Amino acid sequence: MIIKIRTATTQGLTYSIVRDGGQGEHIDMSFITAKIMVKKSVYDSDKKALIAKTIAHPASNLLYFELTAEDTAKLSTGKYPIALKLFYDSGAEVVLREDTLLVSKGVFDA
């Protein structure tokens with residue numbers, strides 16, 4: 001999936017986490033930390049993410065991440081890999097979703 005944004009604008013991203021192979025049942029997120037990351041390259045480590053937003057132990061399976069205008073101002077026009085990753089308290093990590101963030105010039109860009 002391609003997510004389109006403009007530099008220096010705010011963009012909300014919402015994800016609903018449901019049980020794989022089930023009938024859309026919600027899962028208990030109380031032992032999970034969800035993190036969304038925008039990177040320059042798919043090969044960059046998590047620590048090198050240009051933008052990272054975390055929700056620790058969410059109360060529901062509906063996750064809302066807000067990329068603020070300040071966050072997106074850090075990005076030049078182009079394509080960036082974006083991923084949603086789950087970190088379990090047990091130490092396990094799962095990449096839940098990988099998409100492409102397509103950034104275009106903002107209204108005030110030269």
Side-chain angles (χ1 to χ4, degrees):
M1 183 167 100
I2 295 179
I3 302 167
K4 297 179 182 181
I5 65 168
R6 292 185 186 268
T7 59
T9 60
T10 297
Q11 175 73 43
L13 302 172
T14 304
Y15 296 90
S16 178
I17 311 301
V18 295
R19 188 169 312 284
D20 186 34
Q23 299 297 318
E25 303 101 9
H26 297 188
I27 63 170
D28 179 10
M29 300 286 288
S30 64
F31 56 93
I32 295 171
T33 296
K35 186 173 188 177
I36 196 157
M37 292 171 279
V38 177
K39 299 180 180 183
K40 191 176 275 191
S41 166
V42 293
Y43 303 107
D44 287 347
S45 68
D46 291 353
K47 291 180 183 179
K48 286 190 171 187
L50 300 171
I51 300 172
K53 300 287 182 166
T54 302
I55 302 172
H57 306 116
S60 78
N61 71 313
L62 193 61
L63 306 176
Y64 177 76
F65 296 95
E66 184 174 88
L67 306 183
T68 65
E70 183 178 284
D71 294 327
T72 63
K74 300 173 191 174
L75 305 174
S76 301
T77 58
K79 293 181 181 180
Y80 297 86
I82 184 171
L84 174 62
K85 198 170 188 181
L86 301 182
F87 298 87
Y88 290 77
D89 288 349
S90 65
E93 299 176 9
V94 175
V95 176
L96 195 60
R97 184 163 181 98
E98 293 178 303
D99 294 311
T100 299
L101 185 66
L102 181 60
V103 179
S104 61
K105 286 185 177 182
V107 175
F108 299 107
D109 290 340

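For clarity, every value in this text was computed on a predicted model and none was experimentally measured.
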| remark: Joining Ile, Leu, Val, Met, Phe, Trp and Tyr whenever any side-chain heavy atoms lie under 4.5 Å apart, the cluster holding L102 also takes in I2

| task | Quick one: which residue pairs count as a salt bridge (charged side-chain N to carboxylate O under 4.0 Å, His left out) with a foot in residues 7-16, not counting sequence neighbours? | result | none

| query | Which ILVMFWY residues can you reach from Y43 by hopping between side chains whose heavy atoms are under 4.5 Å apart? | reply | V42

| task | Check P81 against S41 and note the closest heavy-atom contact, atom names and distance. | result | CG-C, 3.6 Å

| request: For A83 and E98, work out which heavy atoms get closest and say how close. | output: CB-CG, 4.2 Å

| task | Establish whether F65 and I27 are linked, either directly or via other cluster members, by ILVMFWY side-chain heavy-atom contacts under 4.5 Å. | result | yes

| note | NZ of K79 to NZ of K4, rounded to nearest 0.5 Å, is 10.0 Å

| remark: Correct closest heavy-atom pair for N61 and I17 would be ND2-O, 2.7 Å

| query | Who are the side chain to side chain contact (heavy atoms under 4.5 Å, CB included) partners of L101, not counting sequence neighbours? | reply | I3, I5, V38, L75, Y80, I82, V103

| note | S104 and T77 have their tightest heavy-atom pair at C-CG2, 3.6 Å

| Would V95 and L63 show up in the same hydrophobic cluster when neighbours are defined by side-chain heavy atoms closer than 4.5 Å? | no

Name every donor-acceptor pair, under 3.5 Å, that has one atom in a side chain of residues 84-92 and the other anywhere in the protein, sequence neighbours excluded.
unit_1 : atom_1 : unit_2 : atom_2 : d
K85    : NZ     : D46    : OD2    : 2.8
K85    : NZ     : E93    : OE1    : 3.2
D89    : OD1    : H57    : NE2    : 3.0
D89    : OD2    : H57    : NE2    : 3.1

| task | Could you identify which residues cluster with L62, counting Ile, Leu, Val, Met, Phe, Trp and Tyr as linked when any side-chain heavy atoms lie under 4.5 Å apart, either directly or through a chain of such contacts? | result | none

| field | Selection residues 52-62 - residue pairs positive for salt bridge (charged side-chain N to carboxylate O under 4.0 Å, His left out), sequence neighbours left out | value | K53-D71

| query | What pairs of residues pass the salt bridge (charged side-chain N to carboxylate O under 4.0 Å, His left out) test when at least one of them lies in residues 54-69, not counting sequence neighbours? | reply | none

| Distance from T72 atom OG1 to R6 atom CZ, nearest 0.5 Å? | 11.5 Å

Name the atoms and distances for all side-chain donor-acceptor pairs under 3.5 Å in residues 29-36, with sequence neighbours left out.
unit_1 : atom_1 : unit_2 : atom_2 : d
S30    : OG     : D28    : OD1    : 2.7
S30    : OG     : D28    : OD2    : 3.2

| field | NZ/K74: more than 12 non-hydrogen atoms of other groups inside 6.0 Å | value | yes

| message | Quick check: closest heavy atoms across M37 and A52, and the distance to 0.1 Å? | response | CG-CB, 4.2 Å

